[in-house]
Amino acid sequence: MTAPEIRTALLAWYDANARALPWRAPPGSGRRTDPYRVWLSEVMLQQTTVPHATPYFLKFLQAWPSVTALAAADDADVMAAWAGLGYYARARNLLKCARAVAEDHGGVFPDSEAGLMRLPGLGPYTAAAVAAIAFDRPANVVDGNVERVISRLFAVEEPLPAAKPELKRLAAGLVGDERPGDWAQALMDLGAVVCRPKAPLCDRCPLTAHCAAYARGDHESFPRKSPKAERPHRHGVAYLLTRGDEVALVRRPPRGLLGGMLALPTSEWRAAPFSADEALAAAPVAAAWRSAGAVDHVFTHFSLTLRLYRAEADAAGVIWTRRSGLTALPSVFLKAAKTGLNRLI
DNA sequence: CATTCGTGGAA
DNA sequence: TTTCCAAGAAT
């Protein structure tokens with residue numbers, strides 16, 4: 001197999017099969033997407049599906065059409081707009097990055113992979129992707145899709161994540177000088193649409209003639225993966241303190257889980273369940289708390305049962321928010337609020 | 001190098 | 001129902 005043959009075959013496939021995405025210039029159109037849009041979409045797509053990220057991309061673009069507009073935004077507005085998309089460090093770094101570009105780079109994104117790597121929230125993947133897609137630089141863009149495609153193409157036996165360096169080396173051997181942005185997107189589109197994790201559509205793949213896993217007949221067994229640790233379970237209590245139509249919220253500390261986001265007041269989250277007495281002792285204010293059900297939620301590295309308590313009372317030191325404003329909450333708290341308020345929002 | 005960090009859709 | 005997992009980065 002030769003790299004030029006693979007490039008030619010995949011780019012031809014991409015010309016005919018590229019997905020139309022809001023942040024993408026059609027292949028062969030001679031147009032290039034605004035670096036701001038490339039960056040915004042790439043950050044939103046980190047560990048996030050296209051259908052989930054798309055409405056957020058459109059909403060952000062409407063609210064903040066340029067990197068300088070985003071740099072001037074209020075933190076609370078950006079965090080609220082990100083609510084529900086997850087991995088909230090991305091939103092914090094999004095603002096840091098926008099402000100760095102505005103203040104240190106005259107509002108213009110660096111056009112090199114190395115320059116992009118210095119910006120907050122841009123790691124090896126995103127820096128390479130923006131360099132390739134926005135600036136047509138020949139970068140080795142390796143995401144989960146590319147790792148899967150390469151692992152099958154070369155039948156890499158080493159399991160992930162240990163195989164990452166080897167997969168990146170193999171991917172680098174395929175990168176050429178022609179159409180770097182299209183090449184990067186072609187490889188990712190192939191992984192997303194054809195070379196899928198389950199039930200890959202090999203009869204539609206332009207690379208089967210070059211694919212070692214296809215030749216072996218066990219393409220779906222790649223990439224190999226190391227067994228992952230099981231997810232522990234935790235318990236906590238969330239408090240729904242209402243004042244008429246308003247709900248008491250708090251701002252979570254700027255680091256850690258759900259950092260910087262609005263939230264319901266909660267107890268600590270721990271392995272042992274909370275008794276009723278413990279739940280009342282951990283309440284943010286003294287009030288006539290009544291049990292209001294519970295919700296379960298699954299985070300990346302633990303699952304959570306949140307017992308709910310509700311009371312009607314005034315309080316200081318909280319952020320009183322109308323029920324219509326609860327969309328600014330992360331999903332776990334939106335779920336808790338809907339349940340605890342008896343689905344009245 | 002291992003851990004921390006969300007969410008919702010699909011099978 | 002359970003499991004997997006999607007255009008990863010920061011620490």
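Chain naming here is simple, since letters A, B, ... match the order of the sequence lines and numbering starts at 1 in each.
Using a 4.0 Å heavy-atom criterion, one finds that W23(A) contacts the bases of the nucleic acid, with or without backbone contacts as well. When heavy atoms are screened at a 4.0 angstrom cut-off, K164(A) is found touching no nucleic acid atom at all. No contact: R196(A) has no heavy atom under 4.0 Å from any strand. If you check every strand for non-hydrogen atoms under 4.0 Å, P124(A) touches sugar and phosphate atoms only. Nucleic acid contact for V298(A): base, since at least one base atom lies under 4.0 Å from a heavy atom of the residue. When heavy atoms are screened at a 4.0 angstrom cut-off, G191(A) is found touching no nucleic acid atom at all. Residue-level contact check: G259(A) touches neither bases nor backbone, having no heavy atom under 4.0 Å from any strand. Residue-level contact check: R92(A) touches neither bases nor backbone, having no heavy atom under 4.0 Å from any strand. Heavy atoms of P330(A) sit under 4.0 angstrom from primed sugar atoms or phosphate atoms, though from no base atom. Looking at heavy-atom distances under 4.0 Å, K96(A) makes no contact with the nucleic acid at all. At the heavy-atom level, S331(A) lies under 4.0 Å from the strands shown only through sugar-phosphate atoms. L21(A) comes within 4.0 angstrom of a base, heavy atoms only. Contact annotation for L258(A): backbone-only contact, meaning every heavy-atom pair under 4.0 Å involves sugar-phosphate atoms and none involves a base.
Rounded to whole Å, the distance from CZ on R231(A) to C1' on dC5(C) is 10 Å. Computed from coordinates, the R118(A) CZ to dA10(C) P distance equals 14 Å when rounded to whole Å. Spacing between atom CD of Q46(A) and atom C1' of dT7(B) amounts to 15 Å, rounded to whole angstrom units. Taking atom CG of L119(A) as the reference point, atom P of dG8(C) lies 19 Å away to the nearest angstrom. Rounded to whole angstrom, the span from the OH atom of Y88(A) across to the P atom of dT7(B) amounts to 4 Å. The distance from atom CD of Q185(A) to atom C1' of dA6(C) is 17 Å, rounded to the nearest whole Å.
Taking only side-chain nitrogens and oxygens, H52(A) never comes nearer than 4.0 Å to OP1 or OP2 of dG8(B). Put simply, Q47(A) has a side-chain N or O that comes within less than 4.0 Å of OP1 or OP2 on dG8(C). Residue T126(A) places at least one side-chain N or O closer than 4.0 Å to OP1 or OP2 of dA9(C). Taking 4.0 angstrom as the limit, R148(A) places a side-chain polar atom (N or O) nearer than this to OP1 or OP2 of dA6(C). OP1 or OP2 of dC4(C) lies within a sub-4.0 Å distance of a side-chain N or O belonging to K228(A). Taking side-chain N and O atoms only, H297(A) has no distance below 4.0 Å to OP1 or OP2 of dG6(B). Side-chain N/O atoms of K198(A) include none lying less than 4.0 angstrom from OP1 or OP2 on dT3(C).
L119(A) is listed as a side-chain neighbour of H105(A), based on a closest heavy-atom distance under 4.5 Å.
Residues G144(A) and K225(A) both approach DNA chain C. Their nearest nucleotides, taken by heavy-atom distance, put K225(A) toward the 5′ side.
Ring geometry for W23(A) versus F57(A): interplanar angle over 60°, hence perpendicular rather than tilted (30 to 60°). The aromatic rings of W289(A) and Y239(A) stand perpendicular to each other, their planes meeting at an angle above 60°, with 30° marking the opposite boundary. Between H297(A) and F299(A), the angle of the ring planes goes over 60°, which puts this pair in the perpendicular group of the 30/60° scheme.
Distance check on atom P: dA6(C) versus dC5(B) gives 22 Å, rounded to whole Å. Of the P atoms belonging to dT3(C) and dG6(B), the separation is 22 Å, rounded to the nearest Å.
The six-membered or imidazole ring of F60(A) lies near that of W82(A), with a centre-to-centre distance under 6.0 Å.
Each of dA9(C), dC5(B), dA6(C) was ranked by its minimum atom distance to the side chain of T300(A); first place goes to dC5(B). Here dA6(C) is the nucleotide among dC5(B), dA6(C), dT7(B) with the atom lying nearest to any side-chain atom of P197(A). Closest to the side chain of V332(A), from the set dT7(B), dA6(C), dA9(C), is dT7(B). Comparing dT4(B), dA9(C), dG6(B) by their closest approach to the side chain of T48(A) singles out dG6(B).
Tested against D189(A) for a salt bridge (Lys or Arg N to Asp or Glu O under 4.0 Å), the candidates R204(A), R196(A), R19(A) yield a single pass: R19(A).
In this structure, R251(A) fails the cation-pi test against W320(A), since its NZ or CZ atom is not both closer than 6.0 Å to the six-membered ring centre and inside 45 degrees of the ring normal.
With hydrogens and angles left out, the side chain of Y87(A) and the base of dG6(B) share a donor-acceptor pair within 3.5 Å.
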